[in-house]
Protein chains: 2
Amino acid sequence: MTTHVPRARLVRNSKPLRRAEEIIDAAARVFAERGYHGTSTQAIADVLGMRQASLYYYFTSKEAALEAVCLRGTDGFVEAAEAVVKSKGAPLDKLARLIAAHLAPIETRQDYVKVFINERRYLPDASRRRLGRKTRAIERSFEHVIRAGIADGSIVRGTDARLAMLAVLGMCNAVINWRASDQGKDMGRIAAQFAKLIANGLAANAGDAGGQGRRHA
Amino acid sequence: MTTHVPRARLVRNSKPLRRAEEIIDAAARVFAERGYHGTSTQAIADVLGMRQASLYYYFTSKEAALEAVCLRGTDGFVEAAEAVVKSKGAPLDKLARLIAAHLAPIETRQDYVKVFINERRYLPDASRRRLGRKTRAIERSFEHVIRAGIADGSIVRGTDARLAMLAVLGMCNAVINWRASDQGKDMGRIAAQFAKLIANGLAANAGDAGGQGRRHA
DNA sequence: CATAGATTCTATAGCAGTATAGAGCAAGCC
DNA sequence: GGCTTGCTCTATACTGCTATAGAATCTATG
């Protein structure tokens, strides 16, 4: 049944992958800039200096290309987040590391992540749901750590964990959309400031310079 | 030269505006759901139960429709923000009110705001720049209040005002993208929690239940 | 009813974009 | 050299979409 392949396979041994990645990389770049529906396969081909039709040797449809880009856009996120959750440390410390881990890929794989965040909604149901599971895994990690903080008293009682999680992730994910125009900010610095903001807020109250005074409710 | 109008004018006396608004409202709805480039004029017409070509009586191009939607998407934002800035009150209190004012339209004009946030980048340069001015005005309001807080010592010294502003707005704007799936949360409650989070952070340190202990660095 | 203005309709030009078919070409191996 | 495999090309079918032209309908008013 799968004897005759209707189309050449991407996956071969070693070198061929190179090219395939260049293709997907170009797609990511253009999708990120113009959005999925705003991108023509011609535009992707232009970036690569090849013919529009040649792209179809690498993916079976534009949608498939989007899926490939989105998939790479989530690579490592879940694993990194779950590693932090399983690690040792106080909840607020873990939260800081979650934020850093979440922002890191934004630095190194801007286009992929941007496409994942902004364009995944245009995927067909099947693949969108698959990616949805990843998103939810990340959300769960953040929410879990926040709940742990509430449980051990290091996070304010009465905090709506889910809402706080959405706030933190919203803040982090937004970075992808201003990063291009606001260059020059080091991502590590951003992560640090965000973590501090989330932990202590902006108010110049007690624990300003670093007061780690943990005190149960 | 402009003697013969190439196309009927939208603006008349009173009733006609009604219909025009229904059209724009439908456009907002579909743009919000499928994105600008993912929306065909046919899809907008379907919502209205009219023919695709009839839409062009109300706008001259799909782009013009997007612009109209985006414009309405910013209505009130700038004014509300600047009113808060000019009002009396401590910076952190103003910031809380800024957040509330910023979230309110998300409640009442979801589609418009969502389109403004997610699709304005597809506008032609001219109109995008015009909207960019509004965006920057809002950013300025937030940043200004934060700076005021730093200046009077109510906000932590050394805070990167611009980064903090981007964090807060990122957090707020993200709401538009999960609000649909996460119904049931009252917007006022969200605003209150966000304000508290931004002011005091999640950490259960000193000023938990309401300790207003202001202390300069 | 006739006229005017406003609104919607039918029909269609014309272009852009996705995807397929199949030829050509380069490299490596027999 | 001849065969195979991998990659790219040309050419094109086909669809869907934007926008225009102009006829038809509806509404109000004299």
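Within every chain, numbering begins at 1; the chains are lettered A, B, ... in the order of the sequence lines, protein sequences first and strands thereafter. All heavy atoms count here, side chains included; hydrogens, waters and symmetry mates do not.
Judged by a 6.0 Å distance limit and a 45° cone about the ring axis, A/Lys62 is positioned over the six-membered ring of A/Tyr36.
Rounded to whole angstrom, the span from the OH atom of A/Tyr57 across to the P atom of C/dA21 amounts to 16 Å. Rounding to whole angstrom units, CZ of residue A/Arg34 and P of C/dG17 are separated by 9 Å. With rounding to whole Å, A/Met50 atom CE is found 17 Å from C/dC25 atom P. The distance from atom CD1 of A/Ile44 to atom C1' of C/dT18 is 11 Å, rounded to the nearest whole Å. In this structure, NZ of A/Lys62 is placed 9 Å from P of C/dG17, rounded to the nearest angstrom. The nearest whole Å value for the distance from the CD atom in A/Gln42 to the P atom in D/dC9 is 11 Å. One can place CZ of B/Arg51 at 21 Å from P of D/dA21, the figure rounded to the nearest angstrom. A straight line from CD1 of A/Ile23 to C1' of D/dT8 spans 10 Å, rounded to a whole angstrom.
Phosphate proximity of D/dT8 to A/Tyr58: present, with a side-chain N or O under 4.0 Å from OP1 or OP2. In this structure, A/Arg19 reaches the D/dT8 phosphate: one of its side-chain N or O atoms is under 4.0 Å from OP1 or OP2.
Considering only side-chain atoms of A/Thr41, the nucleotide from C/dT7, C/dT18, D/dA19 that sits closest is C/dT18. Each of D/dA19, C/dT8, C/dA21 was ranked by its minimum atom distance to the side chain of B/Ser54; first place goes to C/dT8. Comparing D/dT18, C/dG17, D/dA19 by their nearest atom to the side chain of A/Ser40 picks out C/dG17.
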Practice item. Please lay out, stage by stage, how A/Val69 and A/Phe116 fare under the test side chain to side chain contact (heavy atoms under 4.5 Å, CB included). Key: CA-CA 7 Å; A/Val69 172; A/Phe116 169 69; over 6 Å; no

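Residues passing the salt bridge (charged side-chain N to carboxylate O under 4.0 Å, His left out) test with A/Glu79: none are found, sequence neighbours excluded.
Interface remark: the B/Gln52 side chain does form a donor-acceptor pair with the D/dA19 base, using a distance-only criterion of under 3.5 Å.
Under a 3.5 Å cut-off, the side chain of A/Lys94 and the backbone N or O of A/Ala148 do not form any donor-acceptor pair.
Looking at A/Asn200 and B/Asn200, their side chains never bring a donor and an acceptor atom within 3.5 Å of each other.
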